Amino acid sequence: MRYPEQKLWALLRKRGLNIRRQAPIGRYIADFVSHAARLVIEIDGPMHETPDVNLRDAERTVWLNSQGYRVIRFANRDVLADPTGVADQIEAAITGKALPLDGGGLGGGVAADLPEWLRSEPSDTLPERAARTPPTPALPPSRGKGED
């Protein structure tokens with residue numbers, strides 16, 4: 001387990017939220033999951049900002065949504081900068097309690113910064129979500145051997 005996940009796990013365990021870590025769901029392994037709340041929590045490192053990994057994450061989110069799970073994501077840097085704020089957001093998502101809007105913490109969290117097509121809402125149907133998903137970007141033409 002990476003350090004940001006360890007740091008968050010230590011806080012979440014103290015809250016008694018019945019969260020499992022590194023939990024299998026179908027062919028995927030969730031960083032954290034609350035089966036009772038049908039909530040998957042992912043902690044993403046910098047590699048998740050690349051287009052190909054971003055697309056795989058979106059496909060994974062669509063599949064998890066189709067299984068009745070909501071998916072929320074936080075960047076490593078946000079967990080390290082404000083682990084208590086992230087834990088508060090996770091607890092609010094599990095318990096359904098709204099967080100106060102006092103300007104502290106991470107605000108809307110990383111999920112609020114995601115493009116619309118990556119946001120996870122379990123009420124969406126796969127065709128509705130697919131309609132919002134942008135097309136796969138075209139790859140640059142490959143060069144033959146000896147071309148620079």
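This chain uses plain numbering: 1 for the first residue, then up along the sequence. Small disclaimer: the values here were computed from a predicted structure and weren't measured.
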Where do [X] and [Y] come nearest, in terms of heavy atoms and distance?
X: Arg20; Y: Pro24; value: NH2-CD, 4.5 Å
X: Leu11; Y: Thr84; value: CD1-N, 3.8 Å
X: Ile25; Y: Ala30; value: CD1-CB, 4.2 Å
X: Ile43; Y: Asp31; value: N-OD2, 2.7 Å
X: Lys7; Y: Pro83; value: CE-CG, 3.6 Å
X: Gln67; Y: Arg38; value: O-NH2, 2.5 Å

Separation of Ile94 CD1 from Leu12 CG (nearest 0.5 Å): 7.0 Å

Point-to-point distance, once rounded to the nearest 0.5 Å, from NZ of Lys14 to CH2 of Trp9: 13.0 Å

With the side chain counted from C-beta on, respond yes when [X] and [Y] share a heavy-atom pair under 4.5 Å apart, and no when they do not.
X: Ile72; Y: Glu42; result: no
X: Tyr3; Y: Leu80; result: yes
X: Asn65; Y: Val71; result: yes

Main-chain N/O of Ala93 paired to Arg70 side chain as donor or acceptor, under 3.5 Å: yes

Option among Asp44, Ile41, Asp82 that satisfies the side-chain contact (heavy atoms from CB on, under 4.5 Å) test with Phe74: Ile41

Hydrophobic cluster identity match, Val40 and Trp63, side-chain contacts under 4.5 Å: yes

Charged tip of Arg21 within 45° of Phe32 ring normal and under 6.0 Å: no

Whether over 12 other heavy atoms sit under 6.0 Å from Arg15 CZ: yes

